[in-house]
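Below is one structure, written out as structure tokens; the observations come after it.
Worth saying up front: this structure is predicted, and the values here are computed from it rather than measured. Worth knowing before you read on, the calculation uses all heavy atoms, side chains too, and leaves out hydrogens, waters and symmetry mates.
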Amino acid sequence: MTETIPVIYIKCSSCAARNHCETCGRELSEALSAKPGITSAGVDIPNKRVTVTHTLDPDALEDALDAMGLLLG
């Protein structure tokens, strides 16, 4: 299943001013795609959304996003 989910990004180790960039989104996308049950992911920080193709139940997906510092918005 592919979903686009609104999120609030709360963890950022590289910018104290909360000016999130493409690089950070790309790194999060790669890390999220490596998680079991997730086939692909695209993190769009400026627009506060994640597009993810997965086989997870809603709670497992929320846990995976939360572990990355992304909270459902």
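Rounded to the nearest 0.5 angstrom, Leu72 CG and Leu61 CG are separated by 7.0 Å.
In this structure Thr51 satisfies the side chain to side chain donor-acceptor pair (under 3.5 Å) test together with Thr4, sequence neighbours excluded. Considering only residues two or more places apart in sequence or on other chains, Glu30 meets the side chain to side chain contact (heavy atoms under 4.5 Å, CB included) condition with Arg26.
A 4.5 Å side-chain heavy-atom check between Leu65 and Val52 finds every atom pair outside the cut-off.
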Would you check, one step at a time, whether the test side-chain contact (heavy atoms from CB on, under 4.5 Å) holds for Leu71 with Asp66?
CA-CA 5 Å; Leu71 297 180; Asp66 187 45; 2.8 Å; yes
Evaluate the criterion side-chain contact (heavy atoms from CB on, under 4.5 Å) for residue pair Ile5 and Leu70; output intermediate values, then yes/no.
CA-CA 10 Å; Ile5 305 162; Leu70 298 160; over 6 Å; no
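Pairs passing the salt bridge (Lys or Arg N to Asp or Glu O under 4.0 Å) check and including a residue from residues 50-63, sequence neighbours excluded, do not occur.
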If you look only at distance, which donor and acceptor atoms sit under 3.5 Å apart when one is on a side chain in residues 33-42 and the other is two or more places apart or in another chain?
unit_1 : atom_1 : unit_2 : atom_2 : d
Ser33  : OG     : Ser29  : O      : 2.9
Ser33  : OG     : Ala41  : N      : 3.0
Ser40  : OG     : Thr53  : OG1    : 3.3

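For the side chain to side chain contact (heavy atoms under 4.5 Å, CB included) criterion with Val50, the lone passing option out of Asp44, Leu32, Leu28, Ile45 is Leu32.
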